[in-house]
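Throughout, protein chains are lettered first and strands after them, A, B, ... in sequence-line order, and every chain is numbered starting at 1.
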There are 2 protein chains.
Amino acid sequence: MPVPIKISEETFTPRQQAVLTAALDLLVENGDGITMTAVARRASCSKETLYKWFGDRDGLLTATVQWQAAKVRMPTVDRSHLSAKVLRESLEQFARDLLTTIIGEVSITLNRTAITHAAQEKDSLGNIVLENGPLAIRRRLKPILEAARDARLLRFSASEDAYRTFFGLVVRDVQIRLLLGDSGLTQSNVEANIEVDVKAATDQFLALYGAKANL
Amino acid sequence: MPVPIKISEETFTPRQQAVLTAALDLLVENGDGITMTAVARRASCSKETLYKWFGDRDGLLTATVQWQAAKVRMPTVDRSHLSAKVLRESLEQFARDLLTTIIGEVSITLNRTAITHAAQEKDSLGNIVLENGPLAIRRRLKPILEAARDARLLRFSASEDAYRTFFGLVVRDVQIRLLLGDSGLTQSNVEANIEVDVKAATDQFLALYGAKANL
DNA sequence: CTAGAACCGTACCGTACGGTACGGCTGCGG
DNA sequence: CCGCAGCCGTACCGTACGGTACGGTTCTAG
């Protein structure tokens with residue numbers, strides 16, 4: 001529980017959302033080159049308005065990241081009907097959503113932007129991305145894992161360790177390679193193997209933490 | 001085998017290495033803010049010399065990253081005496097080196113710099129970091145895994161999958177969280193748990209891929 | 001001792017970009 | 001119809017920084 005993060009929706013007006021969309025598009029296209037003038041031109045608004053609405057460049061960037069990051073959806077699982085089958089399907093759904101998200105251009109752009117930002121003693125963007133990415137997964141996954149343990153479907157001492165193992169098995173080196181622009185790892189390249197990887201990661205996780213044969 | 005990468009040592013003179021050291025220090029301290037003037041002042045050299053030696057800002061950055069990244073050492077394992085015990089120790093050594101590297105400030109800075117760079121359609125830095133990081137690990141680890149399979153110590157169909165699983169089990173979410181500047185994950189914080197994590201990752205990997213009880 | 005190469009320090013130039021100011025257009029309350 | 005608020009477009013300002021030019025100093029070769 002490090003720093004209190006502004007998670008609230010902030011309720012942007014439609015016009016403001018159009019501006020943020022323009023900013024995000026530019027971010028995805030031109031990398032971090034994004035200038036205020038470019039955003040203003042793309043969004044057909046004046047720079048004065050940008051500054052009025054978002055304060056400064058950082059404010060615009062923060063609003064963009066925050067607004068977009070909050071869109072990442074996360075599967076919800078009914079913890080009351082946990083069976084081996086339901087557990088497996090839930091885990092697969094988490095893995096699928098996680099993989100699908102991190103290989104998306106938007107996610108890559110957001111992570112790159114936040115990391116660039118973090119390289120300049122500013123960690124606000126990093127915290128927003130973390131909060132809506134890994135930490136959101138953790139919040140959603142942990143209760144399920146613990147419910148599964150209570151139902152004698154999983155066996156572990158610390159749910160934190162189980163969560164992190166799951167994360168590692170799913171993500172592997174995919175995210176860092178995409179962030180670094182690995183030429184041998186295109187988005188479509190990974191996309192084609194999602195289902196295989198999802199299955200493999202789930203199998204491995206259950207092999208490590210399953211209380212019995214959970215096929 | 002995407003793009004031919006300049007891996008050669010490039011043989012920098014001591015004076016040039018002093019300049020690169022200064023550049024790296026500034027990179028670690030000030031994040032990506034690094035200006036040519038700042039490097040020149042820190043290294044007590046003239047900007048003219050910087051441009052003469054490294055061409056432009058990108059050249060200096062590239063030289064710095066390349067020179068530093070090449071320093072990452074990687075354990076060498078004698079493949080001829082592979083036993084269960086030697087295999088385990090080798091894996092633990094790989095895991096330890098990998099973890100120790102990625103949590104270091106230098107590694108974080110290099111990765112951040114390369115990612116920032118990759119966000120601007122320049123992927124040269126990213127390739128250098130990849131080549132000396134994940135891909136170097138892979139080159140070193142794969143032969144060992146395959147030797148272990150030949151020795152009936154491990155069981156897998158594709159060494160690529162085994163390597164990536166190992167990577168995931170070791171790194172988990174540590175690297176991305178550090179890159180994003182997670183306030184709840186300090187370097188010393190992680191450092192204290194390296195041995196535990198190394199042990200856990202190795203145990204898990206052997207549990208998944210070991211041909212028998214490999215304790 | 002001299003010539004020249006290498007290099008330091010500093011001044012300088014051009015430009016890109018963050019941020020501000022302002023004139024003009026549109027729409028709405030009175 | 002008037003006035004005002006909000007916003008667009010553009011022009012403008014200040015500065016930071018990449019890159020160049022140049023005079024002065026040290027070192028080396030002959």
(message) Looking at B:Arg88 and B:Asp203, is any side-chain nitrogen of the basic one under 4.0 Å from a carboxylate oxygen of the acidic one?
(response) yes

(message) Would you compute the distance between atom CG of B:Asp32 and atom CZ of B:Arg112 and round it to the nearest 0.5 angstrom?
(response)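 Nearest 0.5 Å value for the CG-CZ distance: 10.5 Å.
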
(message) Return the CG to CD1 distance between A:Asn111 and A:Ile102, rounded to the nearest 0.5 Å.
(response)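 The CD1 atom of A:Ile102 is 8.5 Å from CG of A:Asn111, to the nearest 0.5 Å.
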
(message) Can you tell me which residue among A:Glu146, A:Arg138, A:Arg164 is in a side-chain hydrogen bond (donor to acceptor under 3.5 Å, both in side chains) with A:Ser159?
(response)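 Single side-chain hydrogen bond (donor to acceptor under 3.5 Å, both in side chains) partner of A:Ser159 among A:Glu146, A:Arg138, A:Arg164: A:Glu146.
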
(request) Taking A:Ser107 for its side chain and A:Ile103 for its backbone only, find out whether a donor-acceptor pair lies under 3.5 Å. (result)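 No, A:Ser107 side chain to A:Ile103 backbone: no donor-acceptor pair under 3.5 Å.
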
(request) Return the residues of residues 29-42 of chain A meeting this criterion: a heavy atom under 4.0 Å from some atom of DNA chain C. Order them by number, or give none. (result)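 The stretch gives A:Ile34, A:Thr35, A:Met36 as the residues lying under 4.0 Å from the strand, ordered by number.
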
(message) Classify the ring geometry of A:Tyr209 against A:Phe156: parallel below 30°, tilted from 30° to 60°, perpendicular beyond 60°.
(response)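 The rings of A:Tyr209 and A:Phe156 stand perpendicular, inter-plane angle above 60°.
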
(request) Kindly give the heavy-atom pair with the smallest separation between B:Ile128 and B:Thr62, and that separation in Å. (result) CD1-CG2, 3.6 Å

(request) Would you kindly give the OH-to-C1' distance between B:Tyr51 and C:dC8, to the nearest whole Å? (result)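 Answer to the nearest Å: 16 Å.
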
(message) Students should find this one: the first and last nucleotides of DNA chain D, 5' to 3', lying under 4.0 Å from a heavy atom of chain A. What are they?
(response)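 That gives a stretch of D:dC7 to D:dG9.
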
(request) Check side chain to side chain contact (heavy atoms under 4.5 Å, CB included) between A:Glu105 and all other residues, then give those that pass, not counting sequence neighbours. (result) A:Val28, A:Gln187

(request) List for me each residue that meets ring-ring contact (aromatic ring centres under 6.0 Å, His included) alongside B:Phe166, sequence neighbours excluded, and say none if there are none. (result)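 By the ring-ring contact (aromatic ring centres under 6.0 Å, His included) rule, B:Phe166 matches B:Phe205.
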
(message) Within the structure provided, determine whether B:Leu169 and A:Leu169 are in side-chain contact (heavy-atom separation under 4.5 Å).
(response) yes

(request) Could you check B:Arg139 against B:Glu131 for salt bridge (charged side-chain N to carboxylate O under 4.0 Å, His left out), going step by step and ending with a plain yes or no? (result) CA-CA 10 Å; B:Arg139 274 197 305 278; B:Glu131 199 62 38; 2.8 Å; yes

(message) Angle between the end axes of the helix from C:dC1-D:dG30 to C:dG30-D:dC1, five pairs per end, to the nearest 10 degrees?
(response)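 Comparing the first five pairs with the last five, the axes sit 0° apart.
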
(request) Check the side chains of A:Ser188 and A:Thr186 for a donor-acceptor pair under 3.5 angstrom, ignoring hydrogens and angles. (result)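 Short answer, yes.
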
(request) Pull out every residue in residues 54-62 of chain B that has a heavy atom closer than 4.0 Å to any atom of DNA chain D, ordered by number, or say none. (result) B:Asp56, B:Arg57

